[in-house]
Amino acid sequence: MGGLVLVTGGAGFIGSHLIPKILAAGMRVRVLDSLSSQVHGAIPKDLQWLEQEGVEFIRGDVVLREDWMRAVEGVDAIVHLAAETGTGQSMYEVARYNEVNSQATALMFDVLGKVESKTVNRVLLSSSRSVYGEGAYVCPSCNGARMYPGSRSAEVLGREQWEPTCPQCSGTLQVVSTHETDGVSPASIYAATKYAQEDLVRIGCESMGLGYVIYRLQNVYGERQSLNNPYTGILSIFSTKIRRNGELPLFEDGEESRDFVHVDDVADALLQGLLVPTAPNTIINVGSGVATSVKEVASELSRAFGSEPKLVVTGQFRVGDIRHNYADISRLKNLLNVEPKVTLAAGLKRFAHWVEEQPVPEDRLEQANNELRARNLMN
Ligand SMILES: NC(=O)c1ccc[n+]([C@@H]2O[C@H](COP(=O)([O-])OP(=O)(O)OC[C@H]3O[C@@H](n4cnc5c(N)ncnc54)[C@H](O)[C@@H]3O)[C@@H](O)[C@H]2O)c1
């Protein structure tokens with residue numbers, strides 16, 4: 001299989017795993033990436049892999065029309081990964097998140113509509129499970145009906161009432177895996193911009209006759225995830241604490257859960273979206289399909305570093321955080337024939353091994369938390 005694939009944000013974490021797979025499948029790659037200093041540090045490093053045969057690198061910005069014009073020339077498919085990714089930060093850098101995530105996606109379609117050579121036939125988008133807000137639940141007191149509780153208010157969280165309650169009877173809910181057809185309720189500006197991207201890709205592709213896949217990624221972790229960005233990546237943040245011999249602060253009561261999926265499995269899912277002969281033209285969850293509490297993942301990560309877990313339940317909370325969400329991955333299996341392979345224990349060992357080869361980063365968590373507190377977004 002030949003062809004040229006544009007990967008926006010390709011110098012980032014997920015791109016760095018996807019690109020070698022695209023090359024190995026016989027396609028060429030063009031990367032459009034601004035090398036954002038929040039992700040790559042002031043002086044980007046460890047990007048030699050981008051210089052390999054088959055990769056063309058354009059340092060450019062997805063918010064600029066001329067950069068898109070250069071980037072899409074002669075391209076067969078686009079994997080649109082470039083984005084601002086900090087959920088908490090998005091709540092006060094609202095215009096920036098809207099511009100880089102939503103507006104830049106609109107610009108992509110504007111440019112695709114205007115370029116003379118219409119070579120692009122497929123678009124893949126990395127959206128996020130954050131568009132769901134809280135995951136799906138069932139209420140045993142309401143005959144097991146599926147429920148989508150709204151986001152928890154600062155007042156409710158302040159009472160340490162962590163678990164969402166049934167919107168109909170206020171009873172106790174049971175979390176279940178979230179399906180692509182479940183309700184959507186973005187609870188942060190980041191999530192709102194990812195949802196806007198989804199609509200733009202669906203409507204833009206349908207109107208232009210392009211195939212598409214919209215991936216709702218759960219919590220992706222693994223080698224090469226940014227260790228500099230204090231606004232995102234719980235496992236990066238914990239890994240820095242472990243290496244500095246510090247305690248791991250668990251928000252709420254530590255029982256909140258996420259679906260941690262190794263980046264290698266995510267890259268397989270994205271690659272398959274390029275390879276399947278007919279694009280599914282739909283939304284596909286990408287996760288491990290397993291819920292893991294933050295307490296469990298913090299302990300397992302500590303063990304992967306060979307340390308005894310030092311956990312502190314802080315009772316702190318951030319407005320806009322969800323309590324639970326894990327993916328129903330039947331579409332991933334049925335439509336893309338991808339089955340996640342990396343277990344959490346094995347993935348965390350791989351991650352820890354890589355982290356140990358990196359310089360110990362500055363611990364900037366408190367700085368990021370203070371930015372939220374100054375805006376009443378954290379207690
Ligand atoms: N990592 C996760 O857990 C996760 C979960 C859900 C969704 N996603 C989505 O996956 C995508 C990739 O995430 P990642 O984890 O690889 O992030 P990352 O921050 O490692 O990579 C993003 C890349 O985009 C580049 N970039 C940022 N702004 C840009 C701009 N204006 N113009 C051009 N390039 C720009 C950055 O320099 C970086 O190289 C994002 O769209 C993100 O929303 C990630």
Side-chain angles (χ1 to χ4, degrees), residues 1-85 96 99-101 103-105 107-112 114-117 119-126 197 201 215 217 220 222-229 232-233 263-264 266-271 273-275 354 357-359:
M1 148 125 211
L4 176 60
V5 181
L6 170 64
V7 184
T8 71
F13 166 45
I14 295 175
S16 76
H17 289 264
L18 171 63
I19 289 170
K21 288 183 192 273
I22 301 179
L23 294 173
M27 293 170 270
R28 286 170 300 125
V29 172
R30 181 181 293 154
V31 170
L32 173 64
D33 198 301
S34 61
L35 301 182
S36 141
S37 58
Q38 182 163 304
V39 180
H40 296 277
I43 303 166
K45 48 185 184 313
D46 302 331
L47 293 173
Q48 296 87 337
W49 64 272
L50 278 173
E51 287 160 20
Q52 66 188 303
E53 203 180 330
V55 181
E56 179 193 345
F57 180 70
I58 299 177
R59 185 165 187 176
D61 200 313
V62 291
V63 306
L64 298 177
R65 179 178 294 270
E66 54 275 24
D67 289 350
W68 272 116
M69 297 285 286
R70 272 205 299 158
V72 301
E73 185 61 43
V75 154
D76 298 286
I78 300 176
V79 184
H80 186 30
L81 303 177
E84 294 286 357
T85 62
R96 180 172 137 212
E99 187 179 21
V100 175
N101 297 358
Q103 172 60 14
T105 307
L107 193 55
M108 172 178 80
F109 283 104
D110 216 61
V111 167
L112 287 178
K114 289 191 176 116
V115 284
E116 257 173 50
S117 55
T119 52
V120 173
N121 57 52
R122 193 172 292 190
V123 175
L124 311 188
L125 173 73
S126 53
Q197 283 190 312
V201 167
Y215 294 90
L217 310 182
V220 188
E223 307 81 270
R224 297 195 287 284
Q225 76 181 68
S226 176
L227 300 177
N228 300 311
N229 191 345
T232 187
V263 65
D264 204 30
V266 174
D268 281 343
L270 289 163
L271 176 70
L274 293 170
L275 296 182
W354 170 78
E357 292 168 350
Q358 312 306 311

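No experiment lies behind these values; they were computed from the predicted model shown. Nothing fancy with the numbering, it's 1 onward along the sequence.
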Query - Val120 vs Leu6, side-chain contact (heavy atoms from CB on, under 4.5 Å): CA-CA, chis, key distance, verdict - result: CA-CA 10 Å; Val120 173; Leu6 170 64; over 6 Å; no

Does [X] reach the side chain of [Y], with side-chain heavy atoms less than 4.5 Å apart?
X: Leu227; Y: Trp354; answer: yes
X: Trp49; Y: Ile19; answer: yes
X: Val62; Y: Leu107; answer: no
X: Leu124; Y: Arg122; answer: yes

What are the two closest heavy atoms between [X] and [Y], and how far apart are they?
X: Ile14; Y: Val263; result: CA-CG2, 4.0 Å
X: Met69; Y: Val115; result: SD-CG1, 4.1 Å
X: Gly74; Y: Ser117; result: N-OG, 4.5 Å
X: Pro20; Y: Gly15; result: CD-O, 4.3 Å
X: Leu274; Y: Ala77; result: CD2-CB, 3.7 Å
X: Leu18; Y: Leu271; result: CD1-N, 3.8 Å

**Report entry** Verdict with reasoning, His17 to Glu223, per side-chain contact (heavy atoms from CB on, under 4.5 Å)
**Finding:** CA-CA 9 Å; His17 289 264; Glu223 307 81 270; 4.3 Å; yes

[X] side chain to [Y] main-chain N or O, any donor-acceptor pair under 3.5 Å?
X: Thr119; Y: Val75; result: yes
X: Asp67; Y: Asp61; result: yes
X: Ser126; Y: His80; result: yes
X: Asp33; Y: Ala11; result: yes
X: Glu99; Y: Arg96; result: no
X: Gln225; Y: Gly222; result: yes
X: Ser226; Y: Val39; result: yes
X: Asp76; Y: Leu4; result: yes

Query - Residues, nucleotides or ligands: over 12 heavy atoms within 6.0 Å of Gln358 CD - result: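 Above 12, so yes.
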
Atom pair [atom1] ([X]) and [atom2] ([Y]), whose distance is rounded to the nearest 0.5 Å:
X: Trp68; Y: Thr105; atom1: CH2; atom2: OG1; value: 7.0 Å
X: Asp46; Y: Glu357; atom1: CG; atom2: CD; value: 10.5 Å
X: Phe109; Y: Ile78; atom1: CZ; atom2: CD1; value: 7.5 Å
X: Gln38; Y: Glu84; atom1: CD; atom2: CD; value: 6.0 Å
X: Leu270; Y: Leu275; atom1: CG; atom2: CG; value: 11.0 Å

Query raised in the report: Can Val79 and Tyr215 be said to form a side-chain contact (heavy atoms from CB on, under 4.5 Å), step by step?
Result: CA-CA 11 Å; Val79 184; Tyr215 294 90; over 6 Å; no

Query raised in the report: Asp268: what forms a salt bridge (charged side-chain N to carboxylate O under 4.0 Å, His left out) with it, not counting sequence neighbours?
Result: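 For Asp268 the salt bridge (charged side-chain N to carboxylate O under 4.0 Å, His left out) partners, ignoring immediate neighbours, are Lys21, Lys341.
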
Query raised in the report: Does any pair with a residue in residues 47-58 pass salt bridge (charged side-chain N to carboxylate O under 4.0 Å, His left out), and if so which ones, sequence neighbours excluded?
Result: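 Only Arg30-Glu56 qualify under salt bridge (charged side-chain N to carboxylate O under 4.0 Å, His left out).
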
Query - Positive for side-chain contact (heavy atoms from CB on, under 4.5 Å) with Arg70, one of Ile58, Val111, Leu64 - result: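 Among Ile58, Val111, Leu64, the one that satisfies the side-chain contact (heavy atoms from CB on, under 4.5 Å) with Arg70 is Ile58.
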
